[in-house]
Every structure is written in C-alpha cells, then in structure tokens.
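So that the names make sense, note that chain A is the first sequence line, chain B the second, and so on, each numbered from 1. Quantities reported herein were computed from a predicted structural model and do not represent experimental measurements.
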Number of protein chains: 2
Amino acid sequence: MSVAKKVTINDVALVAGVSVSTVSLVLSGKGRISPATGQRVNEAVEQLGFVRNRQAASLRGGQSGVIGLIVRDLTSPFYAELTAGLTEALEAQGRMVFLLHGGREADQLLSRLDMLLTQGVDGVIIAGASGVGSELCERAAQKGVPLVFASRASYLDEADTLRPDNMQAAQMLTEHLIRRGHQKIAWLGGKSSSLTRAERVGGYCSTLIKYGLPFHSEWVVECESSQKKAAEAMGALLRSNPTISAVICYNDIIAMGAWFGLIRAGRQSGEGGVETFFDQQVALGAFADVGENALDDLPIVWATTPAREMGYTLADRIMQRIEKSDVQAGHQIVSARLVTVK
Amino acid sequence: MSVAKKVTINDVALVAGVSVSTVSLVLSGKGRISPATGQRVNEAVEQLGFVRNRQAASLRGGQSGVIGLIVRDLTSPFYAELTAGLTEALEAQGRMVFLLHGGREADQLLSRLDMLLTQGVDGVIIAGASGVGSELCERAAQKGVPLVFASRASYLDEADTLRPDNMQAAQMLTEHLIRRGHQKIAWLGGKSSSLTRAERVGGYCSTLIKYGLPFHSEWVVECESSQKKAAEAMGALLRSNPTISAVICYNDIIAMGAWFGLIRAGRQSGEGGVETFFDQQVALGAFADVGENALDDLPIVWATTPAREMGYTLADRIMQRIEKSDVQAGHQIVSARLVTVK
DNA sequence: TTGAAAGCGGTACCAA
DNA sequence: TTGGTACCGCTTTCAA
C-alpha cells in the first residue's frame, strides 16, 4: 500500500468549494459559519479523510494541546498511577502528554525541560523533583509556559506544588491504632534521608504526643525496603522491646517483611485490638501507594495515597494555569485514605 | 517576570550577521559552512538563549523526533517498566515519547492513533493490544507512519510485533524444578481466558511431558490474583494432592499467597530439593514482571520477564522502521531470565 | 560558502 | 458570513 498524499485544508477547501479560511473556521468552531457551509466542509473532511495537523496549527499561535510530563521514576507504583491519572484526564479533553523521565540532577532536569519547550508544549509538570526549582521555574517563565510540581513530600517553596498529605496520613494511621487500644506503637522502615518518611514520622510522633503516649526514638527504626531486612529488623525490635503492641510500616514491602518477622517471633498480627490479645500479638499499620487490593491476606491497616486522584488534580491545575495566566502559584495537598482489609 | 519575546533564527541571524539559511545550516550541521561563520552563529545562539522550535522544523518536512506510545495499562508493573525502558532509550537519542493510554476497544484505539497522527509522530507503538490490528495498521500505513505492537502474548499475525517468550520462561522454570528433583509439579493462578497464562501453561506442560513426568489437569488450578484466594487454593490443592512437591505460580501475588498457604499447612517451601525434605516441604517457582528484588525473603525461583529490555528493543525496532522503510514486519521474541533469591 | 525566496499546513486579521 | 493573504519558525532548493 502506497503512502497516500497527505490531504490538507487546501484539498478540503477545494472539494467543499470554499476558501481555506472558511475551512479553518469550521474546524475550530470559531466564527459564525452558515450551517450549509459547515455541512459541506464536514462532508469534504469526511470524504478525504482529512486530519488536522496540530503542529502547523500551534505554530501560528494557538495552543499545541500538549502537556509535558517529567517523571523521576515511572517504575514506582506511585508515579505510574499518577501518570495514568494525568494522561487519562488530559486525553478526555483531547490533549496529550509528552513523557520524559527526569534525571535527579538539576541540569539534567533543565535539559529535559528544554526538550519540552522546544516542542512547544502548553505546560509542564515535573513529578518527583527535589529542591531544584528556581532555575527551572525561571526557564519556563521565560517562555511563558506554566510549570507545576508534583511530589511525595514538600521540597519547593517558591513553586506551584501538589503533594500528598503525608502528615495527615500518618496521623490517621496512628490514631486508628490508638483507638484500637494500642499505646506502645513503633515505626519501621524508610531511610532517614527521605523527606516523605520525615513527614510521616512527624505525623506519627505528633499523634502519640497528642494522646499523651510515649515516644521513644529507639522505637523508630530505619530499614531499607527489603522483606528480609524488614523481617530481621522487626525481630530485633520486638526482642528488645517486648511490650510494643503495634508497628507502623513505611511501605508495603516493609509491611510484608514485618509480617514475616512476626510469624517467626510467633506474634502474628491481629486486628483485634490489644485488649483481647494483651500484648501477645502485634498489630500492623502501613502506607501504600495504591490500593493494594492484592495484598488482602494480611491483617494490616493501610493508609493509601491517592496517586490517581493526584493525577486528575494535576490535570486541572495545569489547565487552569494555562488558561488563566493570573492563577497564583501555591501549594495544594491531597489527603490519604484509610483502608482496612477485611 | 515578563515573558521574553521568543527568539527565532531570525534574531540569531541578525546578531551573527548572517542569513537565516546559514543559521539553519549551522544548526543542522548540513552544508559546508566556514568555521568562522559557524563560530559566530553559535555564539549568537548562546548569547540569545535560542532554542530551536521542532514543530516548525518538522513542519517543513523533517522528522518530528517524536514516537507515539499507546499503553493499555500503565499501572501494571510490566508496562510501566517497558515504558520506562522505551523512553529512556529514545531520550538518549534526543527523541521523545507521546504517551496515551489506550482503550480496549478497536475504535478507541483508532481514535488514539489519530491523535498521534495528528501530532505528526514519526512512529507509533501500541503496547498491550489484543487482536484489533488490521484497521490500525492500515490507517498508519496510509500516513506512512510505522507501527509496532508490543504485548505479553502473541495476538497479532499480520503486524510487527514484540513480545516476551512466555513458553520459554515456563519451560525454564519447570526444568529448574525438575532438575531439583521434583516430579509432581502443580500450577497455580491466572484466569483461563488469559493468553499469557495459556502460553505459560503450555511451556510447563510440554516440559513435564518432555521429561516423562505426569501431567494432571487437576494440578492446574485457576485462581484470581489475590493473596487470600491463592492461599486458600494452595491449601485445597495440597490437601487433595499431598504428594505434590512443587508449585509454579502465575505471578508474584499468587506466589505470596501460595507461601502463606504453605505456612498454614506447615509445609514451608525450601529450595533444598526434594531429596532432603521428601515431600514434606513444597518448592515454589513463579513468574515476575520485573526483578522483584524487594521480595527477597521467600525461597522462590523467579522467571522474570525483561520488560525494560523490551522497551529498549522496541526503541531499536521502531527507529529501524522509521529510518529504513523497507524493513520487513515480523515477530520478535524476548527471553526471560531465571532469578534465584539467595 | 552564503543568501534569497518559496514553501510546510494552518490561523487570523481585514475586506468584501 | 466568507474570502484574501500575511504570517508562524524553520528547511531547502537554487543562485550568487
């Protein structure tokens, strides 16, 4: 099959017996065109199988209908879900996203941004940046392209930012356990360099204090995200602090590991609250990026970050910025939900 | 900060004291330009902070440097990884990816393809399509845009396709268990409607037969991807077939569930081979989408599908198709690897 | 080696 | 309500 000669508005105009400007007007729905003409044009479009070339369209001045997205790590379920949400929302509006995976370093990010600017995007979203905002903002502003950041923790001060409410999530989780009767609640997982973790630990800590419960720094255990390591750390924690009755896990992997640790220690988790089991059994709470509905065999209370909704919200936000250039940059926070596996 | 007037090649030409054509030549490295002129132009570019508008560039005839990618489900680790690999490879060449998430229905997919064609992409990749190829191929061919499919199983006959070698993966896994001394090997998980599963079960089955081992249809258990369900199914399976000494799990969730099932049945898995444990313990093998290095606490043999490599391969393939239009469409298969957690 | 000018496919302003 | 036409930013002959 040979490549068909591309059909342009000129062809359409010719077939419809009108001028190119008329075709353009019909296409964009602007200007008042008579129904009859509109009809004729549309028929010609149909007949010729014409598809409008957006590159050319945006060249003259219009929008490209394209949003650039730079993601740090698409492999992480959180960002995958966020990306899915964003593209879904944008596609529903007939827009598209350019996907780039961003480097960690500022200049890498800058070069990615330039690629997007080069392509004439209407707006840019950077997901998972960490405190390298000002140059980027400047560059984008220079081009008149709105820039929005999305991340897991609050890094940037000066920019338009969307992020999950890690503190609230941790508070919710902690409070849930407290309501269940737990008083000695420990923390397992995450690296101390993680800002997300810092915020979560903050929420955990503040809730303990709020309820007048003890907060020991030895009860906050660092641990890399490996089941094996988590299981070991769990064992060690319980051995040195046998009275701990609940543990909050930094993520799903830690949670699985913690559970294995419990099994080995013969202290399987139960959702039953401390009053029934005294402190024989240990309850588990954990953070999850997405609805971990597959992990349904563990009696764990999950605090899920609504990554998909964040994607939707991002779509709204960037479109606002694009349409009304006077929208103030600011921070926006998305709340977590509690999910109890039954 | 006010939006700086965009700088074009005209500005550059003006500053450098040359014509726009010269600037264009310098930019694209074509035509023989004197070092001195090149120097001057580059300085002007630097000074003005000029970035070339690719839209305009591709409008005139060149390539856009953009590949369209339609993914069925970015949320699945397999496709997330594949997407990451693809964008990584493409970005390294200065190209970019348009990301769309594709619907299941043929016409949805077709409209997505049109969006991409509208934007003037150089090529299109559809990941996770299932047997709706011909119209799509036609449409793309009409526009002269190469189209490549990537999926988890072999659906399409007529198109350029890349997919993992599910059979080989299953054969490898099964053979590994057989070499370990297992003779009664069961299968757990997946829905019978899944083509991927069908291929894997085929590999499992053929290997059993090849080694003269028994193949019972009751040993092939369907199960949805839930830990709880998998644990229950595992228990039931072992109760009615106590001599089974190894189980191959359809994915990581099933594997975790299966392991819980083993624990409850007191038949924890070991990698030790049947000769040591007789059939007291049950060995576990499983398929995983990515290197599940986080799942390091279970003695499970994993067959991992190299999703990332598939992304790289896809990048190569589409670029070949773009550069040499005479490349024959065909099927390409990517092998799995065995990973033993130590 | 460099410059002038004609597009690429549309849009948008101004006339008609 | 339509048509004419000057662009958008860049590439690419064709001359100079």
Q. What nucleic acid atoms does A/Thr37 come within less than 4.0 Å of, heavy atoms only: base, sugar-phosphate, or nothing?
A. sugar-phosphate
Q: Whole angstrom is fine here: how far is it from CG in B/Leu25 over to P in C/dT1?
A: 11 Å
Q. Under 4.0 angstrom, heavy atoms only, what part of the nucleic acid is A/Val26 near: base, sugar-phosphate, or nothing?
A. nothing
Q) Quick one: which of C/dG10, D/dG9, C/dT1 gets closest to the side chain of B/Ser34? A) C/dT1
Q. Taking all atoms of both residues into account, what is the closest heavy-atom pair of A/Gly330 and A/Asp160, and its distance?
A. O-OD1, 2.8 Å
Q: Indicate whether any N or O donor in one side chain lies under 3.5 Å from an N or O acceptor in the other, for B/Ser335 and B/Asp165.
A: no
Q | Proximity to the side chain of B/Val20 - top-ranked nucleotide from C/dA5, D/dT2, C/dG10 | A | C/dA5
Q. Between D/dT2, C/dG3, D/dT11, which nucleotide has the shortest distance from any of its atoms to the side chain of B/Ser19?
A. C/dG3
Q) Does A/Arg60 make a side-chain N or O approach to OP1 or OP2 of D/dG9 shorter than 4.0 Å? A) no
Q: Would you indicate which nucleotide in D/dG3, D/dC8, D/dT12 comes nearest to any side-chain atom of A/Thr22?
A: D/dG3
Q) Nearest to the side chain of A/Asn53 - D/dT2, C/dG10, D/dC10? A) C/dG10
Q | Ring-face cation contact, A/Phe78 with A/Arg152, 6.0 Å cut, 45° max | A | yes
Q: Classify the nucleic acid contact of B/Val18 as base, sugar-phosphate or nothing, counting any heavy atom under 4.0 Å across all strands shown.
A: sugar-phosphate
(Q) Please classify the nucleic acid contact of A/Arg54 as base, sugar-phosphate, or nothing, using heavy-atom distances under 4.0 Å. (A) nothing
Q. Which is true for B/Ile33 with a 4.0 Å heavy-atom rule: it touches a base, it touches only sugar-phosphate, or it touches nothing?
A. sugar-phosphate
Q.
Using only modelled atom types and a 3.5 angstrom limit, is any donor from either the side chain of A/Ser21 or the base of D/dG4 paired with an acceptor on the other?
A. yes
